[in-house]
Amino acid sequence: MKAHVELCEVGPRDGLQNEKQIVSVEDKLRFIALLARAGFREIEATSFVSPKWVPQLADAEEVLPRAITAHPSTLFSVLVPNEKGLERALACGARKVSVFTAASEGFTRKNINATIAESIERFAPVVRRAHEVGVVVRGYVSCAVQCPYDGPIAPDAVRQTCAMLADIGVDELDLGDTIGVAHADEIARVIEACAVVRPIHELVVHLHDTQGRALDCARRALELGVRRFDGSAAGIGGCPYAPGARGNIATEALVELCESLGYSTSIDRIALGEAARFITGVLAAPPSNGTN
Ligand code: HMG
Ligand code: MG
């Protein structure tokens, strides 16, 4: 039997949070429906962050409950930056939430207005409460290789942030090359450093692709034993607080890579292609300003 690689589709969240135009709720739900049809076990649907910080996802209360109702067998995860975000997510039926911090102080300040230590203090009650109600928690560590404000980041700094998140009880750790600049050797060093906190096959790798090296990084991560990746259909995405960050690694390319190396992903490539074409078309359409 082929070894399995688990792909989490983050397009509806990471893909849409940085777009100039605000995608309608109906188009978000159509995108999610096409992705669900492609067979993703988990789709990151939206964020319960401050709508002032990320207006693109201010409709989370409309999107998440409808996605859950329409696709009961898909796990929809959502970002929550604090207890307020968690309560909003729980009220909408979330079964998995993601807290997010970074290995660099500069990015953490710009992205969530906290130091790394403060972010961990903020997340501790979020993780406790989530676990009380049986909700799984992912912990993202951004800037795993480089920070747009602080420059190169040492693998040991990433390990330290991972260890802090593990100490407060997050269920999984996700390493983000937020600005998409990693070389394969760099991502390998980070993965090896973090393997002392969680076994490599449990780590999630979240690549952006600014320099065209994300697939090399994914290939090296697979060689090292990583079996979980995030991707975004059509490679859309970026973080509004990470200048220069381009799209996520395209999920289609990840599926192709994994399958060409003999892994199974359980993703229907034709259906994924349809989702990618749909969202590309939505984003290419001129924004409606009421005059057309
Ligand atoms: P702050 O301004 O310091 O927060 O922002 P605050 O606690 O002082 O609150 C300010 C206002 O926001 C208040 O409202 C709060 O009620 C409200 P006001 O009194 O002014 O009307 N507020 C909220 N409203 C709704 N939901 C909430 C919430 N929290 C506070 N949850 C805060 C701090 C964390 C809220 C803000 O910085 C924030 O929302 N940041 C999110 C930024 C973000 O979403 N970035 C992108 C995701 S991270 C990423 O993309 C990287 C990743 O993909 C991995 C990788 O690539 O590396 C995950
Ligand atoms: Mg990202």
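Both ligands and their constituent atoms are indexed starting at 1 by order of listing. Residue numbers start at 1 and run along the sequence shown.
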Practice problem: Find the distance between CG (D230) and CG (L7) and round it off to the nearest 0.5 Å. | Solution: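 D230 CG to L7 CG: 9.0 Å, rounded to 0.5 Å.
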
Quiz item: Between D185 and R220, is the closest basic N to carboxylate O distance under 4.0 Å?
Solution: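 A salt bridge is present here (some side-chain N lies under 4.0 Å from a carboxylate O).
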
Quiz item: Do any of the N, O or S atoms of C239 sit under 2.8 Å from the Mg ion (ligand 2)?
Solution: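 Here the distance criterion (N, O or S atom, under 2.8 Å) is not met by C239, so no.
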
Exercise. Please determine if the Mg ion (ligand 2) has an N/O/S atom from D14 lying under 2.8 Å away.
Key: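 For D14, the answer is yes, given that an N, O or S atom comes within less than 2.8 Å of the Mg ion (ligand 2).
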
Quiz item: Are the side chains of L175 and V204 in touch, meaning some heavy atoms are under 4.5 Å apart?
Solution: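 No, too far: nothing below the 4.5 Å cut-off.
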
Practice problem: Check H208, Q17, K110 against C239 for a side chain to side chain contact (heavy atoms under 4.5 Å, CB included) and give me the one that passes. | Solution: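 The residue from H208, Q17, K110 that satisfies side chain to side chain contact (heavy atoms under 4.5 Å, CB included) with C239 turns out to be Q17.
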
Between the protein and ligand 1, which nitrogen or oxygen pairs come in under 3.5 Å, and how far apart is each?
unit_1   : atom_1 : unit_2 : atom_2 : d
ligand 1 : 3 (O)  : N113   : ND2    : 2.7
ligand 1 : 16 (O) : K84    : NZ     : 3.1
ligand 1 : 20 (O) : K52    : NZ     : 2.9
ligand 1 : 21 (O) : K52    : NZ     : 3.2
ligand 1 : 26 (N) : V49    : O      : 3.3
ligand 1 : 26 (N) : R88    : NH1    : 2.8
ligand 1 : 29 (N) : N82    : ND2    : 2.8
ligand 1 : 31 (N) : F48    : O      : 3.0
ligand 1 : 31 (N) : N82    : OD1    : 3.0
ligand 1 : 31 (N) : G85    : N      : 3.3
ligand 1 : 37 (O) : N111   : O      : 3.4
ligand 1 : 39 (O) : S50    : N      : 2.9
ligand 1 : 40 (N) : N111   : O      : 3.1
ligand 1 : 45 (N) : N111   : OD1    : 2.8
ligand 1 : 50 (O) : R13    : NH1    : 3.0
ligand 1 : 50 (O) : Q17    : NE2    : 2.7
ligand 1 : 53 (O) : R13    : NH1    : 3.3
ligand 1 : 53 (O) : R13    : NH2    : 2.9
ligand 1 : 53 (O) : D14    : OD2    : 3.0
ligand 1 : 53 (O) : H206   : NE2    : 3.3
ligand 1 : 56 (O) : H206   : NE2    : 3.0
ligand 1 : 56 (O) : H208   : NE2    : 3.0
ligand 1 : 57 (O) : S142   : OG     : 2.6
ligand 1 : 57 (O) : T178   : OG1    : 2.6

Quiz item: Should the ring pair Y140 and H206 be called parallel, tilted or perpendicular, given that the plane angle runs from 0 to 90° and is split at 30 and 60?
Solution: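 Ring orientation of Y140 relative to H206: perpendicular.
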
Quiz item: If Ile, Leu, Val, Met, Phe, Trp and Tyr residues are connected whenever their side-chain heavy atoms lie under 4.5 Å apart, and connections chain through other members, are L203 and V136 in the same group?
Solution: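 No, separate clusters.
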
Quiz item: Does the salt bridge (charged side-chain N to carboxylate O under 4.0 Å, His left out) test come out yes or no for D216 and R219, once each step is laid out?
Solution: CA-CA 5 Å; D216 287 345; R219 190 177 292 108; 3.2 Å; yes

